[in-house]
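All remarks here apply to the structure that follows.
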Protein chains: 2
Amino acid sequence: MTRVVTERLDVIPLLAEVFREHGFEGASLAIITDRTGLGKGSLYHFFPGGKEEMVAAVLADISAWFETNVFAALADPSDPKSAIVGMLDSTDAYFQSGSRVCLVGALAIDHVRDRFPDAIKDYFARWIDTLANALRCLGQNRSEARSLAEEIVAGIQGALVLARAIDDPEIFTTTIRRYKNRIITL
Amino acid sequence: MTRVVTERLDVIPLLAEVFREHGFEGASLAIITDRTGLGKGSLYHFFPGGKEEMVAAVLADISAWFETNVFAALADPSDPKSAIVGMLDSTDAYFQSGSRVCLVGALAIDHVRDRFPDAIKDYFARWIDTLANALRCLGQNRSEARSLAEEIVAGIQGALVLARAIDDPEIFTTTIRRYKNRIITL
DNA sequence: CCTGAATTTTACTGATTGGTACAGAATGTA
DNA sequence: TACATTCTGTACCAATCAGTAAAATTCAGG
């Protein structure tokens with residue numbers, strides 16, 4: 001039986017969770033070896049560039065996931081309304097109803113964002129662009145669509161911050177529901 | 001000529017800026033001594049509890065600033081509409097039109113939030129509560145007011161994340177303007 | 001000037017940091 | 001079996017970490 005994925009790929013989700021929990025600086029190699037079960041030797045074998053390469057790999061993985069599970073439907077103009085609703089559902093699931101941190105957002109406000117500027121920029125730019133595209137398919141003009149897309153993407157990020165700050169994930173769920181209603185009644 | 005403030009107080013804004021830029025883990029004592037001009041000895045003289053006490057002092061300072069310059073007007077029901085607009089103006093000024101990080105928000109999504117849970121919780125809770133109070137004075141019922149207050153506070157945080165992520169502070173300014181219009185036409 | 005407290009400088013500690021080197025174990029292949 | 005490649009555990013490195021201790025200095029009040 002052939003292994004479908006290499007071990008490098010298997011480790012990326014674990015790395016993602018560690019960086020989510022501790023941030024870039026906070027995620028020490030000691031913690032990483034603990035959580036992944038890989039010694040330093042293995043870690044540097046798979047990621048010769050060290051922590052920086054690990055984060056880059058995690059960002060690429062996240063980007064790919066969103067491309068497949070979130071952005072693809074938005075970019076397809078066949079049924080824009082249910083595509084947006086589906087995006088909000090996927091988002092709710094991905095962020096575990098507000099109890100999971102957005103790693104890209106967390107990196108964005110950290111000073112290490114300067115080491116991954118493109119990955120961070122692209123993630124949000126693609127989200128806004130595809131969402132705005134779907135909104136245009138619903139009859140909004142270019143600036144309306146872009147403005148609402150920015151509002152929704154920012155609202156999601158803010159809800160994640162707020163939910164975590166006051167320790168009440170319900171705030172995130174409420175936010176998602178609010179945007180859903182707004183789209184449905186569009 | 002008597003000095004009005006102790007040097008401890010003078011240092012707190014500098015500390016705030018360092019923590020904003022580097023986060024809790026990223027702000028090493030070396031960086032802090034650099035930026036404040038105080039050696040380790042002086043730092044530990046003023047803040048015997050080390051970095052943790054420094055952050056606590058910064059959070060208290062921020063909290064006091066918002067209480068005076070933002071929340072006070074919201075809590076006073078004499079002119080709720082202009083109080084909210086004033087809050088949005090103060091917020092825009094404080095966050096330098098989106099180019100300044102919200103330290104409380106940044107700490108909230110970091111794992112060090114567990115060391116300052118009350119300060120973080122109180123900051124956002126007080127913001128939401130006073131804003132909801134002002135909205136009730138504008139005729140909204142309790143749940144409407146709370147929901148919109150949460151939406152605005154979260155929207156502000158999200159706009160800060162997004163503005164920084166795609167390196168476009170304009171997004172923050174737009175967000176503030178959007179909420180202003182929404183309040184004015186209420 | 002003297003005294004004592006406040007403050008700062010300096011030197012130091014032990015622990016931990018990210019990263020390297022490399023021997024050898026495991027694995028796949030012929 | 002034999003060989004080459006991939007992978008991993010371990011020891012090690014210099015740098016940096018937060019924090020301590022105490023001498024040196026500054027400074028205000030009497």
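Here is the naming used below: chain letters follow the sequence lines, and residue numbers restart at 1 for every chain.
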Atom [atom1] of [X] and atom [atom2] of [N]: how far apart are they, to the nearest Å?
X        : N       : atom1 : atom2 : answer
Ile31(B) : dT17(C) : CD1   : P     : 17 Å
Glu52(A) : dT17(C) : CD    : P     : 19 Å
Ile32(A) : dG19(C) : CD1   : P     : 9 Å
His22(B) : dA18(D) : NE2   : C1'   : 17 Å
Asp10(A) : dT8(D)  : CG    : C1'   : 16 Å
Leu38(B) : dT7(C)  : CG    : C1'   : 9 Å
Leu43(A) : dT17(C) : CG    : P     : 14 Å
Leu29(B) : dA18(D) : CG    : P     : 4 Å

Open item on the list: By the 4.0 Å heavy-atom rule, please label Gly41(B) as base, sugar-phosphate, or nothing.
Closed with: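 Base contact - Gly41(B) has a heavy atom under 4.0 Å of at least one base atom.
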TODO: Look at the aromatic rings of Phe24(B) and Phe19(B) and report parallel, tilted or perpendicular, splitting at 30° and 60°.
DONE: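 Rings of Phe24(B) and Phe19(B): parallel, under 30°.
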- [ ] If the plane angle is over 60° it's perpendicular, under 30° parallel, otherwise tilted; pick one for Trp127(B) and Phe124(B).
- [x]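 Plane angle under 30°, so parallel.
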Identify which nucleotide among [options] has an atom closest to any side-chain atom of [X], counting heavy atoms from C-beta outward.
X        : options                  : answer
Tyr44(B) : dC17(D), dT7(C), dT20(D) : dT20(D)
Ser42(B) : dT8(C), dT20(D), dT17(C) : dT8(C)
Lys51(B) : dG19(C), dT7(C), dA18(D) : dA18(D)

Open item on the list: Is His45(A) close enough to dT8(D) that one of its side-chain N or O atoms is under 4.0 Å from OP1 or OP2 there?
Closed with: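 His45(A) to dT8(D) OP1/OP2: no side-chain N or O under 4.0 Å.
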Open item on the list: Check this one for me: any side-chain N or O of Ser28(B) less than 4.0 Å away from OP1 or OP2 of dT16(D)?
Closed with: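 No, Ser28(B) has no side-chain N/O under 4.0 Å of OP1/OP2 on dT16(D).
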TODO: Answer whether the closest heavy-atom distance between the side chains of Phe71(B) and Leu131(B) falls below 4.5 Å.
DONE: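 No. Closest side-chain heavy atoms not under 4.5 Å.
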Open item on the list: Quick one: does any side-chain atom of Arg8(A) pair with a main-chain N or O of Phe46(A) as donor and acceptor, under 3.5 Å?
Closed with: yes
Task: Exam field: side chain Arg178(B) to backbone Thr173(B), donor-acceptor pair closer than 3.5 Å - done: no
Open item on the list: Any N or O donor-acceptor pair under 3.5 Å from the base of dG19(D) to the side chain of Lys40(B)?
Closed with: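 Answer is yes: a donor-acceptor pair is held.
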